[in-house]
Protein chains: 2
Amino acid sequence: MYSPSIQKLIEEFSKLPGVGPRAAARFAFSLIGKKRSETDGLAQAIINVKKNVKCCRLCFNVYESDLEICGICSDARRDNGLLCVVANETDLATIDKTGAYKGRYFVLGSPLSSLRRHPADTARLSELEKRARQNKALKEIILAINPTPDGQAAILYLERMLKPSGVKITRLGLGLPFGGELEYADEETLQSALRGRQ
Amino acid sequence: MYSPSIQKLIEEFSKLPGVGPRAAARFAFSLIGKKRSETDGLAQAIINVKKNVKCCRLCFNVYESDLEICGICSDARRDNGLLCVVANETDLATIDKTGAYKGRYFVLGSPLSSLRRHPADTARLSELEKRARQNKALKEIILAINPTPDGQAAILYLERMLKPSGVKITRLGLGLPFGGELEYADEETLQSALRGRQ
């Protein structure tokens, strides 16, 4: 089909999430059309990210610094009584950007649909369970997980797993999104908004 | 927001066609979650493609070999009387895969909407115009360009540009796609199918 180097690049691009062969070919040819200095930028950024980015052994978020743990975990002003459990690093960044939360985090780091299936996930889950049991400072665990079907299943599973620890378990409030319109809200959202009326 | 290496990688991914900041972040974190050996594969493929792939000075298609010109242009069995003008390398590959065409190619190599606007495109257009005038072996130029609004405009422009050369100019047949249903065909397609009845 295409020459070997192009074929290989298309294959590599196809491994990215949500990228099919046609998008991968479009990416490949866009690079071929660019200057060497520009494409080296992407290649170097990939190499650098693997070289510099570490996984925090406390919250499992990504970070880069010479410290042993990440910036959030080493920040003494943060509340040790609150632990926010998120599915992945982007969700953590989204929540932290709001500035509304000043506690600690815990990244589950795998697709919600496969939480219990893979051994690597089980390791993080047991770690979370252990912390809920052993960390006496902990007052509340917030399950900040997408209210999707997979997320709901994960929330139920986590609630059941964490209940014996005696720590208070909460989840994010459901209701109308700010700026949303009643007319376009689905039934589930509207029911949640009614139940959660303030 | 994210740490510098991650931010940089997201920026680089955002430069790919059709990739917004959210998709770019998804790509970045998928690489962070992979083994070094796997991500090096992508970085190396990007570097290799720029090192190995050349642009044929005859048809402007991409190729990789030690030859001076590409495999199609150096193939003596191909018909020198036919020249197929395509928008880009993927269209060329798509046409050549059918095996229905055994002539030569000419890659315009830029978005159809901007054919006349950028100087680099003008260079290829003048080259095409010169070949149509000077290549006495040439009997037909096929404008194998998408029948989209931008493509139609490009076809009209090329027809006008190439007409003085006296070479026969054709475009791809329009009609129902194989396996298509009358009921779902748009009006333009149906009109073309009626005009082109065999």
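Below, chains carry the letters A, B, ... as their sequence lines are ordered, and counting in each starts from 1.
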* When A:Lys34, A:Glu38, A:Lys51 are compared by non-hydrogen pairs under 4.5 Å with chain B, the top option -> A:Lys34

* Asked: Around B:Arg22, counting heavy atoms of other residues, nucleotides and ligands shown, do more than 12 lie under 6.0 Å from its CZ?
  -> no

* Asked: Under a 4.5 Å heavy-atom cut-off, does chain B meet the side chain of A:Lys35, its backbone, both or neither?
  -> backbone

* **Counterpart residues, side-chain contact (heavy atoms from CB on, under 4.5 Å), relative to A:Ile69 (two or more places apart)** => A:Cys56, A:Arg57, A:Leu58, A:Cys73, A:Ser74

* Side chain proximity check, B:Phe29 to A:Asn88, heavy atoms < 4.5 angstrom -> no

* Structure fact -> By residue number, those in residues 161-187 of chain B with heavy atoms under 4.5 Å from heavy atoms of chain A are none

* To do: Kindly indicate whether the side chain of B:Ile6, heavy atoms from C-beta on, has any atom under 4.5 Å from the side chain of A:Asn52.
  => no

* To do: For B:Glu127, look at atom CD and say whether over 12 heavy atoms of other residues, nucleotides or ligands are found less than 6.0 Å away.
  => yes

* **Residue, of B:Gly41, B:Ser30, B:Cys55, that accumulates the most heavy atom pairs under 4.5 Å with chain A** => B:Gly41

* Got more than 12 heavy atoms from elsewhere within 6.0 Å of CD, B:Glu68? -> no

* Considering only heavy atoms and a distance below 4.5 Å, find which of B:Leu92, B:Asp96, B:Asn61, B:Leu9 pairs most often with chain A. => B:Leu9

* Should we say atom CD of B:Glu188 is surrounded by more than 12 heavy atoms from elsewhere, each under 6.0 Å from it? -> no

* Among A:Ile32, A:Ile47, A:Asp40, A:Asn48, single out the residue with the greatest number of heavy-atom pairs under 4.5 Å to chain B. => A:Ile32

* Asked: Are B:Tyr63 and B:Tyr101 connected in a single hydrophobic cluster, I mean Ile/Leu/Val/Met/Phe/Trp/Tyr linked by side-chain heavy atoms less than 4.5 Å apart?
  -> no

* Under 4.5 Å from a heavy atom of chain A, the part of B:Val62 involved -> side chain

* Looking only at heavy atoms, what is the nearest atom pair of B:Ala93 and A:Tyr2, with distance? -> CB-CE2, 3.5 Å

* Asked: Looking at B:Lys8, B:Glu89, B:Glu64, which has the largest count of heavy-atom pairs under 4.5 Å with chain A?
  -> B:Glu64

* To do: Using the rule that two of Ile, Leu, Val, Met, Phe, Trp, Tyr join whenever any of their side-chain heavy atoms come within less than 4.5 Å, decide whether B:Ile142 and B:Tyr157 are in one cluster.
  => yes

* To do: Enter the distance from A:Phe13:CZ to B:Phe13:CZ here, rounded to the nearest 0.5 Å.
  => 6.5 Å

* Asked: B:Lys50 side chain to A:Leu31 main-chain N or O, any donor-acceptor pair under 3.5 Å?
  -> yes

* **Selection from A:Ile10, A:Val53, A:Ile46, A:Val19 maximising heavy-atom pairs under 4.5 Å formed with chain B** => A:Ile46

* To do: Would you mind telling me which of A:Pro4, A:Gly71, A:Ala25 has the largest number of heavy-atom pairs within less than 4.5 Å of chain B?
  => A:Pro4

